[in-house]
Amino acid sequence: MLTKAPKGTNDILPSRIDYWYYVEEIIKNTLQKFGYREIRTPSFEHTELFIRGIGETTDIVNKEMFTFQDQKGRSLTLRPEGTAPVVRAYLEHKIGRENPVSKLFYLGSMFRCEKPQAGRFRQFNQFGLEAIGSPFSLVDAEIIAAAVAIYKKIGIKDFSLILNSVGCRKCRPIYLKELKEYFQDKKDLLCSDCQERYHKNPLRILDCKKTNCQIQIKKSPSIYDYLCEDCSEHFSKLKKYLDHLTINYQINPLLVRGLDYYTKTAFEITSGELGSQNAIGGGGRYDYLVEELGGSPTPAVGFAAGIERIISTMEKQQIKIPFWEGLKVFIAATSEKETSIALQVALNLRENNISTEIDFLNKSLKAQMRQANKLQVSYVIILGQDELVQKSAILKNMLDGQQKIVNLDDLANEIISWQQKERL
RNA sequence: GUGGGCGUAGCUCAGUCCGGUUAGAGCCCUGGAUUGUGGCUCCAGUGGUCAUGGGUUCAAAUCCCAUCGCUCACCCCA
């Protein structure tokens with residue numbers, strides 16, 4: 001128990017941390033070029049925020065939240081997603097007053113109490129972006145373009161964009177009514193989950209993968225026949241923008257996302273490498289969320305992606321990344337007497353931007369050399385009594401085995417000049 | 001919440017079906033092969049409550065039951 005992390009959590013070990021540095025760096029650089037500024041919100045919020053924001057009927061709110069009480073009995077919840085907290089901060093700090101369109105991005109851990117499996121964890125990391133303030137599909141297009149730019153920059157090869165429009169306040173109720181009417185006499189043919197969805201959230205029936213349900217879904221009315229003029233125009237403009245940007249997409253009228261706040265645009269980005277949990281990102285427009293959380297009516301659109309799934313895709317596609325180059329110098333002491341000098345020399349080299357390691361276990365010179373070799377350092381400094389009388393030490397090049405005696409004060413300069421020679 | 005697979009050394013695994021010496025291998029780790037010098041090689045060594053608890057048996061890593069853990073899939077999502 002003491003030596004085991006909780007279910008669904010992961011330690012990111014040093015051997016894999018370079019993937020994280022690489023991905024996080026690209027996300028930050030790319031999004032800043034798109035004009036997004038990072039926002040960091042707390043890891044937990046008032047529970048009510050998520051219930052109101054994500055929707056009471058969603059799985060996330062119903063069964064997947066880590067909820068707890070503080071000492072005064074207030075209900076708090078570890079954030080299961082990033083959009084509601086960002087909108088909350090947007091309203092709390094009146095960020096909208098600074099600029100008519102606020103472009104924000106975040107990067108951090110999310111928490112959902114689900115049963116873990118491949119690509120699904122209880123604590124996982126997401127980055128996301130939110131553009132709050134514009135109703136026009138130009139923003140939707142830019143957000144999708146930003147997501148695509150990040151995946152491309154990372155080097156992910158095959159991913160697909162699936163696009164849909166789920167309507168708005170005006171047209172969705174009409175469609176839902178039609179949908180309910182259509183399924184009315186077919187309820188008994190649907191699975192038990194879908195029978196429940198019929199009452200709570202009929203749109204979600206469309207997302208069911210069970211074959212019996214699929215048969216009924218195939219003949220169901222299409223949302224595209226019911227979109228109002230505004231939604232319809234918004235959708236066709238978005239498609240035009242994407243065509244213009246030569247961003248490929250597949251239209252799928254059955255794409256329904258599990259968060260209630262989406263309106264008009266809904267989209268998902270999937271990677272074929274991942275098997276069952278194949279979404280590496282998803283998002284859409286949420287024109288009523290700001291209002292729902294107590295702000296004035298403000299249209300918005302956003303996107304979020306899972307970093308674990310991105311890294312998993314990278315590994316499957318064997319994408320090359322810059323790994324830590326390792327240490328440059330190892331300082332070996334011939335006896336315990338020289339160890340304080342070793343530390344002193346090491347500090348001096350590090351000040352000169354030369355990464356350096358020393359021995360901490362009083363090992364034999366042979367063992368220290370072995371360790372130096374294992375660390376794959378380029379140079380070893382051997383502190384021997386004979387040389388120290390002259391305030392010098394042996395500097396050895398581990399690649400060709402050559403070595404020479406160098407004054408202690410000149411070690412840094414000597415190493416730098418050796419390195420420069422080797423680059424030529 | 002439902003279903004499948006799996007738990008033997010730090011890692012990858014053999015041994016389990018058909019119970020029988022002291023539970024093995026490779027990698028890793030530690031030390032040695034004459035003076036104060038790495039890699040290659042050779043030699044030696046450390047490391048295991050065989051997931052846990054119970055049962056059957058003269059005898060259990062091996063058979064039976066339970067529990068826990070991991071993992072994959074459904075659901076949903078990143």
Side-chain angles (χ1 to χ4, degrees), chain A residues 1 3-10 13 15 54 57-64 79-83 107-128 147 159 191-194 196-197 201 204 207-211 213 255-259 266 268-271 274-283 302-313 330 332-335 338 359 361 363-388 393-403:
Chain A
M1 195 58 107
T3 54
K4 186 150 256 160
K7 188 194 275 280
T9 64
N10 290 112
L13 299 176
S15 57
I54 303 169
T57 61
T58 60
D59 282 359
I60 293 177
V61 168
N62 267 320
K63 47 187 194 189
E64 296 172 3
R79 60 179 177 194
E81 59 101 48
T83 300
L107 188 57
S109 294
M110 306 298 158
F111 308 84
R112 292 181 200 170
C113 192
E114 300 180 86
K115 201 160 166 181
Q117 67 184 70
R120 200 176 72 185
F121 311 103
R122 291 186 167 189
Q123 176 174 352
F124 59 101
N125 289 276
Q126 281 190 331
F127 79 89
F159 57 88
C191 68
S192 57
D193 285 340
C194 283
E196 207 171 307
R197 288 176 184 135
N201 194 346
R204 294 270 295 284
D207 211 26
C208 189
K209 275 115 198 161
K210 298 228 167 66
T211 41
C213 299
L255 173 75
V256 180
R257 315 213 69 245
L259 295 89
E268 212 163 84
I269 294 172
T270 58
S271 161
L274 293 181
S276 174
Q277 311 297 318
N278 65 351
I280 51 175
F303 167 81
I307 300 191
E308 284 84 352
R309 289 186 190 176
I310 288 173
I311 290 176
S312 167
T313 303
F330 187 90
T334 51
S335 78
E338 293 86 35
D359 166 60
L361 295 172
K363 292 204 185 212
S364 68
L365 182 60
K366 190 196 195 88
Q368 291 180 69
M369 291 303 294
R370 251 203 296 271
Q371 202 200 340
N373 186 66
K374 197 162 56 189
L375 292 171
Q376 297 188 46
V377 298
S378 307
Y379 309 103
V380 172
I381 292 166
I382 300 166
L383 299 175
Q385 278 178 308
D386 299 349
E387 293 79 11
L388 280 172
I394 298 168
L395 177 60
K396 173 165 182 162
N397 185 329
M398 292 294 274
L399 291 176
D400 56 19
Q402 284 182 15
Q403 59 186 49

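A note on names: the letters A, B, ... follow the listed sequences, proteins ahead of strands, and every chain is numbered from 1. Not measured: the values here are computed from a predicted model.
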Sequence neighbours excluded and cut-off under 3.5 Å, please list the side-chain donor-acceptor pairs for residues 366-374 of chain A, or say none.
unit_1 : atom_1 : unit_2 : atom_2 : d
A:Q368 : OE1    : A:A333 : N      : 3.0
A:Q368 : NE2    : A:A333 : O      : 2.7
A:Q368 : NE2    : A:K363 : O      : 2.9

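- Within 4.0 Å of A:N125, counting heavy atoms only, lies no atom of the nucleic acid at all.
- Residue A:A118 is in sugar-phosphate contact alone, with no base atom involved, counting any heavy-atom pair closer than 4.0 Å across all strands shown.
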Any N/O pairs under 3.5 Å between the protein and nucleotides 27-29 of chain B? List them or say none.
unit_1 : atom_1 : unit_2 : atom_2 : d
B:C29  : OP1    : A:K374 : NZ     : 3.4

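- A:R309 comes within 4.0 angstrom of a nucleotide base, judged by non-hydrogen atoms across all strands.
- Taking atom C1' on both B:A59 and B:U21, the two are 12 Å apart, rounded to the nearest angstrom.
- Summarising the base pairing, B:U30 is matched to B:A44 through a Watson-Crick or G-U wobble pair whose two defining distances lie under 3.5 Å.
- Projected onto RNA chain B by closest heavy-atom contact, A:S364 and A:D400 fall at different nucleotides, the more 5' of which corresponds to A:S364.
- Within the model, atoms CZ of A:R309 and CD1 of A:I269 stand 13.5 Å from one another, a figure rounded to the nearest 0.5 Å.
- Separation of the C1' atoms belonging to B:A14 and B:G32 is 30 Å when rounded to the nearest angstrom.
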Polar atoms only, N or O, under 3.5 Å: list the protein pairs with nucleotides 43-48 of chain B and their distances.
none

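- If you check distances only, the side chain of A:Q368 never reaches the base of B:U37 with a donor-acceptor pair under 3.5 Å.
- You'll find a donor-acceptor pair under 3.5 Å spanning the side chain of A:E114 and the base of B:A78, going by distance alone.
- Heavy atoms of A:K115 sit under 4.0 angstrom from at least one base atom.
- Between A:N10 and A:Q123 the shortest side-chain heavy-atom distance does not fall below 4.5 Å.
- Within the 4.0 angstrom heavy-atom criterion, base atoms lie near A:Q403.
- A distance of 14.5 Å separates CD in A:E64 from CE in A:M110, rounded to the nearest 0.5 Å.
- Among the atoms of the strands shown, none is found under 4.0 Å from any heavy atom of A:G128.
- A:G384 comes within contact range of at least one nucleobase, with a heavy-atom separation under 4.0 Å.
- Nucleotide B:G39 forms no Watson-Crick or G-U wobble pair with any nucleotide shown, as no partner meets the under 3.5 Å limit on both distances.
- When the P atom is used for both B:A60 and B:G19, the distance is 13 Å, rounded to whole Å.
- At a threshold of 4.0 angstrom between heavy atoms, the contacts of A:E268 with the nucleic acid are absent.
- The partner of B:U67 is B:A51, by the rule that a Watson-Crick or G-U pair needs both atom distances under 3.5 Å.
- Between B:A33 and B:A51, the distance separating the two P atoms is 40 Å to the nearest Å.
- Checking B:G3 for Watson-Crick or G-U wobble geometry (two distances, each under 3.5 Å) identifies B:C72 as its partner.
- Counting atom types as modelled, A:K366 pairs no side-chain N or O with a base atom of B:U37 as donor and acceptor under 3.5 Å.
- Here A:D59 contributes atom CG and A:I54 contributes atom CD1; the two are 11.5 Å apart, rounded to the nearest 0.5 Å.
- Only the P atoms considered, B:U67 is 25 Å distant from B:A73, to the nearest whole Å.
- A gap of 13 Å separates the C1' atoms of B:C11 and B:G47, to the nearest Å.
- Of the nucleotides present, none pairs with B:A23 by Watson-Crick or G-U wobble criteria with both distances under 3.5 Å.
- Remark: the separation of the C1' atoms in B:A23 and B:G69 is 23 Å, to the nearest Å.
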### Task
Evaluate the criterion side-chain hydrogen bond (donor to acceptor under 3.5 Å, both in side chains) for residue pair A:S271 and A:N278; output intermediate values, then yes/no.
CA-CA 6 Å; A:S271 161; A:N278 65 351; over 6 Å; no

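- Comparing A:P116 and A:I394 by the nucleotide of RNA chain B that holds the closest heavy atom to each, the one mapping nearer the 5' end is A:I394.
- Pair assignment for B:U57: none, as no Watson-Crick or G-U wobble contacts are both less than 3.5 Å.
- Among the protein residues, A:R257 comes within range of the sugar-phosphate backbone only, with heavy atoms under 4.0 Å from sugar or phosphate atoms but none that close to a base.
- Counting non-hydrogen atoms under 4.0 angstrom, A:I382 reaches a base of the nucleic acid.
- Using modelled atom types, no side-chain atom of A:R120 and backbone atom of A:G8 make a donor-acceptor pair closer than 3.5 Å.
- A distance of about 15 Å separates the P atoms of B:C63 and B:G5, rounded to the whole Å.
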